[in-house]
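Taking it in order: structure first as structure tokens, then the write-up.
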Protein chains: 2
Amino acid sequence: MTFSEENYLKTIFHLTAFSDQEVSTNAIAEMMATKASSVTDMLKKLAEKDLVHYKKYQGVSLTANGRLLAKMIVRKHRLWEVFLVEKLDFPWDEVHDIAEQLEHIKSEKLINKLDNFLGNPTEDPHGDPIPDAYGKIIKTEKLLLSELGFNQSGICVGVKDSSKEFLKYLDKNQIALGTQIEILTKEDFDFSLKIKVDEKEVTISNKIANNLFVKLV
Amino acid sequence: MTFSEENYLKTIFHLTAFSDQEVSTNAIAEMMATKASSVTDMLKKLAEKDLVHYKKYQGVSLTANGRLLAKMIVRKHRLWEVFLVEKLDFPWDEVHDIAEQLEHIKSEKLINKLDNFLGNPTEDPHGDPIPDAYGKIIKTEKLLLSELGFNQSGICVGVKDSSKEFLKYLDKNQIALGTQIEILTKEDFDFSLKIKVDEKEVTISNKIANNLFVKLV
DNA sequence: ATAATTTTTTAGCTTTGTCTAAAAAGCGTC
DNA sequence: GACGCTTTTTAGACAAAGCTAAAAAATTAT
Ligand SMILES: [Mn+2]
Ligand SMILES: [Mn+2]
Ligand SMILES: [Mn+2]
Ligand SMILES: [Mn+2]
């Protein structure tokens, strides 16, 4: 498998993760910042290798085999992210780009040894689950901060948007995984929230609250 | 820089490491298991980028810039080998192939953090020197086991041939870096040696003695 | 039901890195 | 200095992965 094939599989996996529907050529093209015609070419190749179900004009989905391979790439990506943060002390907003490269290193033994070295983590630095060596993913219950009501408290367990910009915003406001957040007030006009973080009051927009996963405490 | 360009630079670096002469198209082709015509194509491209000095029919050598880049690739390769052996507990005969992939990961910050994480090692698991972040290489004095005389003792500090086969042979005979070896007798007919390793006597061929680096004790 | 619009595919071209076969250059021998 | 062998380069082809522009299919609107 080439890097490119792996990247397509991973993209299709992410796009079908929650909807579980067929995914469109254009959706793939947009997410990969490429052209629809290039996507069509690749889908034919992946179909040829039995990694996707593909019928002209009818969207695409992963085969069992394709899904497993995609999960293995996600596994590698997230384990390397843990390594970079836990062992090399990288900030959580810098690891994704490097993991995009490391996820293509081919060696099952390597990734399983890395997994052990890291203590078999179940989540990456952004709170996303790490598939095990068989592709099994343990999904933990989590809801968006925006779904909490007044006076409810949650512990931050993940981010929905894991862009550099958002992660840096959270750093600036001293919000990290494990931080406890209490909802103080909700503004009806723009749905902005006043929250309590570490004894400090902070006002955050609806967009922020919609991208932070919490677990009720 | 592409993987392919990096591999060519690295090969030219290794071929010119000791001789310091121009290297031939055929020598590169042979070491990379490719064809001379492919090498010629790549040399033109590298010359265009000012990474090699190249004149038709007259061999090739690295420019200062090309040499520095080559050293950075070697640095990455050897640091990753240390990581694999020291942290992930890989046997020394399995790390080269994986390092061939890891050496192409692009991130200066990553490699410098890895260097620190490993305690800034100066040598890789095969006794080869690791260039520092500026490309500086500290060469330590070492001689071949075959150069020792009767009753002389040396500590094994490196291997000249680092093929799987040779490394496994050494494992089988309990010879590792740091092992002390004493020359007991030399056979005039085939230059085979009787040596003492860990209180045990072992007979080794001239070929073995010619591929083991030692430091006199 | 037809027309307009959007989506997807096809056709044809480009770049990178490889190959084979043939031509050109360099070198050792007489 | 010519001949023959070896090395190197060139010419031309191919596969992978991308692109643009045009055609075809699907979808939406009238
Ligand atoms: Mn990531
Ligand atoms: Mn992540
Ligand atoms: Mn190596
Ligand atoms: Mn090595």
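Given the structure is predicted, the values throughout are model-derived calculations rather than measurements. Reminder, nothing fancy here: chain letters follow the sequence lines and each chain counts from 1.
Listed candidates were C:dG26, C:dT9, C:dT18. Nearest to the side chain of B:Y57 is C:dG26. For A:S37, the listed nucleotide lying nearest its side chain is D:dA21; candidates were D:dT7, D:dA21, D:dT9. Comparing C:dT10, C:dT16, D:dT10 by their closest approach to the side chain of B:K44 singles out D:dT10.
When each of A:K56 and A:F3 is assigned the nucleotide of DNA chain D bearing its nearest heavy atom, the one mapping closer to the 5' terminus is A:F3.
In this structure, CG of A:L43 is placed 11 Å from C1' of C:dT9, rounded to the nearest angstrom. The separation between B:M42 atom CE and D:dT10 atom C1' is 17 Å, rounded to whole Å. Rounded to whole Å, atom P of D:dA25 lies 18 Å from atom CG of A:N26. One atom, NZ of A:K55, and another, P of D:dA26, lie 12 Å apart when rounded to the nearest Å. Protein atom CG of A:D41 is 12 Å distant from nucleotide atom P of D:dA16, rounded to whole Å. Between A:E30 atom CD and C:dT8 atom P there is a gap of 11 Å when expressed in whole angstrom units. Rounded to an integer number of Å, the gap from A:Q58 CD to D:dT27 P is 9 Å. Summarising the geometry, the separation between NZ on B:K35 and P on D:dT10 is reported as 19 Å, rounded to the nearest angstrom.
No more than 12 heavy atoms of other residues, nucleotides or ligands sit less than 6.0 Å from atom CD of A:E30. Open room surrounds NZ on B:K215; 12 or fewer heavy atoms of other groups in view lie less than 6.0 Å from it.
Residue B:S4 is classed as a sugar-phosphate contact, given heavy-atom separations below 4.0 Å to backbone atoms only. Residue A:T25 is in sugar-phosphate contact alone, with no base atom involved, counting any heavy-atom pair closer than 4.0 Å across all strands shown. If you check every strand for non-hydrogen atoms under 4.0 Å, A:S38 touches a base. Across all strands shown, A:Y8 has heavy atoms under 4.0 Å from sugar-phosphate atoms exclusively, and none from any base.
Contact between the side-chain N/O atoms of A:T2 and the OP1/OP2 oxygens of D:dA16 is not found at any separation under 4.0 Å. Not one side-chain nitrogen or oxygen of A:Y54 sits closer than 4.0 Å to the OP1 or OP2 atom of C:dT8.
B:I181 has its side chain within reach of B:I175: a pair of non-hydrogen atoms, C-beta onward, lies under 4.5 Å apart.
Annotation for A:L9 and A:G66: closest pair CD1-O, 4.1 Å, computed over non-hydrogen atoms.
With no hydrogens or angles considered, a side-chain donor-acceptor pair links A:N7 and A:H104 at under 3.5 Å.
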